[in-house]
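Encoded as structure tokens, the structure appears first; notes follow it.
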Amino acid sequence: WKCPVHNAIPQWLQLVQEDRILEAAELCHSTNPLPEVCGRVCPQDRLCEGSCTLNDGFGAVTIGAVEKYITDTAFAQGWRPDLSAVVATGKRVAVVGAGPAGIACADRLARAGIQAVVYDRYEQIGGLLQFGIPSFKLDKSVIALRRQVLEGMGIEFRLGVEVGRDITVEQLLEEYDAVFLGTGAYRYTDGGLPGQEAEGVLPALPFLVQNGRIVAGNDPAQVASMGRPIAGWEDKVKLPDLAGQRVVVLGGGDTGMDCVRSAIRLGAGKVVCAYRRDEASMPGSAREVGNAREEGVRFLFNRQPLAIEADDQGRVTGVRVVETRLGEPDARGRRNAVPVDGGESVIEADVVIIAFGFSPEVPEWLAALGIEGTPNGRILTGGATADGHGRLPFQTTHARVFAGGDAVRGADLVVTAVAEGRDAAQAIATMLLPPAA
Ligand code: FAD
Ligand code: SF4
């Protein structure tokens, strides 16, 4: 049960053992609309493989790799989801966001006989699978193949359409029976470091996106619109030449690991990751930290950044940090980093990448529709209505609008977004297709 989509792992391992790959692919898809993606990018050491009973002392079964193998092999053999028995219901749902949550929702709607039309502001599907996760972790051909599969299931994509700008959510509600929001989490966490406006300091996502677009042979120009930039950083997203440069990445999450590993591939001379707590407290996957180390990244733990230092021309020269020790746990049980007196130093840098994370926000066009958010910007779903009635899971404060993924949970994982998109589709089907009396 540590797998968030509750995959039938022992059962498909058995099918692979017996070389029954197509049955295994069918079983994988019964719980997970994106098995080939999760097999590649899940932090398995924290999830399925971390719970494998062989993990203690022997090393876990490589569950993620097997899941990827099953799906890749079945696709190569021509297998596709079989929807021939699905009866069209005549219902139609607009899905906003072609990331993992939106894709999973559309997949399950199609299987329930509900027409799904997926809108995304970008010209390709995948959300952060396409424009965030680097291609050395997830080759973009995987997403292109999945798009073919989804279109083969009758799912329609309307790309390059931003809801709230090119089309209103009111129009969607007029045209469709329900709307699912899988709009992700794109508000940067602003550390507010003094001097962060210096040349050579840039936020993580535009850095990764531009690099990804260049690697994929796409025009990197559109990147400025990727996420809501911190005030003053709007023009600071141009990818610098990292060849031979000293790069410091601030932040110890998976995004930080993607930045350090991308910087290595861009020819940086020295790459340092500074994190304010100890190694055991890092939010990123231990496997990714190991990969980064193997590729030559240096980690400085217990270093809290205080300010960016710059020269007379306003170019970054380093990061002033203070050494920390772990103090008392905070409200969430995480131990705070407490600065140590006299522990200040400067890490020299030509480029600083800030990877402090992202959070969602409820856009004005949703708020205007009466859709409520939590104080930290997540779309509110489930719970009870004002008159005491229960809402369906993933149902927002508007009865015909559902939401899931990072927009509801805050920045998390592909597999949790998949689980929520899948389960939200179930809730939408429950609302649209009540059982016959
Ligand atoms: P997203 O993937 O963000 O998709 C949201 C989509 O909605 C986007 O395509 C966006 O364009 C679209 N959208 C938003 N607003 C509108 C609008 N108004 N109109 C039309 N379209 C709109 N997770 C892992 O499990 N493993 C990893 O290795 C991993 N690496 C990561 C690396 C980076 C750099 C980042 C940033 C995240 C990483 N994650 C990883 C997290 C994971 O990518 C996300 O949790 C997941 O993609 C969330 O899925 P989602 O569908 O909720 O949102
Ligand atoms: Fe493991 Fe992720 Fe696959 Fe679940 S979806 S079995 S957590 S790799």
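Since the model is a prediction, treat every value here as computed from it, not as a measurement. First listed ligand is number 1; within each ligand, the first listed atom is number 1.
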Options Val41, Thr416, Leu47, ranked by nearest heavy atom to atom 26 (N) of ligand 1, top entry: Val41
Numbered atoms of ligand 2 (with element) below 4.0 Å of Asn32, judged on heavy atoms: 5 (S)
Atom pair CG (Leu159) and OH (Tyr119), whose distance is rounded to the nearest 0.5 Å: 11.0 Å
Asp258, Asp412, Val163: member with heavy atom nearest to atom 32 (C) of ligand 1: Asp258
Option nearest atom 44 (C) of ligand 1 (shortest heavy-atom distance, choices Asp166, Asp406, Val418): Asp406
Side-chain donor or acceptor of Arg108 paired with backbone N/O of Gln426 under 3.5 Å: no
Pairing of Arg40 and Glu36 as salt bridge, 4.0 angstrom limit: no
Arg293 and Glu279 ion-paired at < 4.0 Å: yes
Proximal atoms of ligand 1 relative to Tyr186 (non-hydrogen, under 4.0 Å): 1 (P), 3 (O), 4 (O), 5 (C), 8 (C)
Sub-4.0 Å atoms of ligand 1 with respect to non-hydrogen atoms of Thr255: 33 (C), 34 (C), 35 (C), 36 (C)
Pro100 heavy atom under 4.0 Å from ligand 1: yes
Test item, Phe131 contacting ligand 1 (heavy atom, 4.0 angstrom): no
Interfacing atoms of ligand 1 (cut-off 4.0 Å, heavy-atom, Leu208): 34 (C)
Option with minimal heavy-atom separation from atom 9 (O) of ligand 1, where the choices are Ile167, Asp120, Val169: Asp120
From the candidates Pro363, Gly184, Gly127, the one that places a heavy atom nearest atom 53 (O) of ligand 1: Gly184
Check ion pair Arg246-Asp350 (N to O, under 4.0 angstrom): yes
Test item: Lys137 and Met257 side chains (from C-beta on) under 4.5 Å apart, heavy atoms: no
Val272 backbone acceptor or donor facing Arg298 side chain under 3.5 Å: no
Option nearest atom 51 (O) of ligand 1 (shortest heavy-atom distance, choices Gly410, Ala101, Pro43): Ala101
Leu205, Leu129, Val414: member with heavy atom nearest to atom 24 (C) of ligand 1: Val414
Gly182 heavy atom under 4.0 Å from ligand 1: yes
Tally of protein N, O or S atoms, where distance to atom 1 (Fe) of ligand 2 is under 2.8 Å: 1
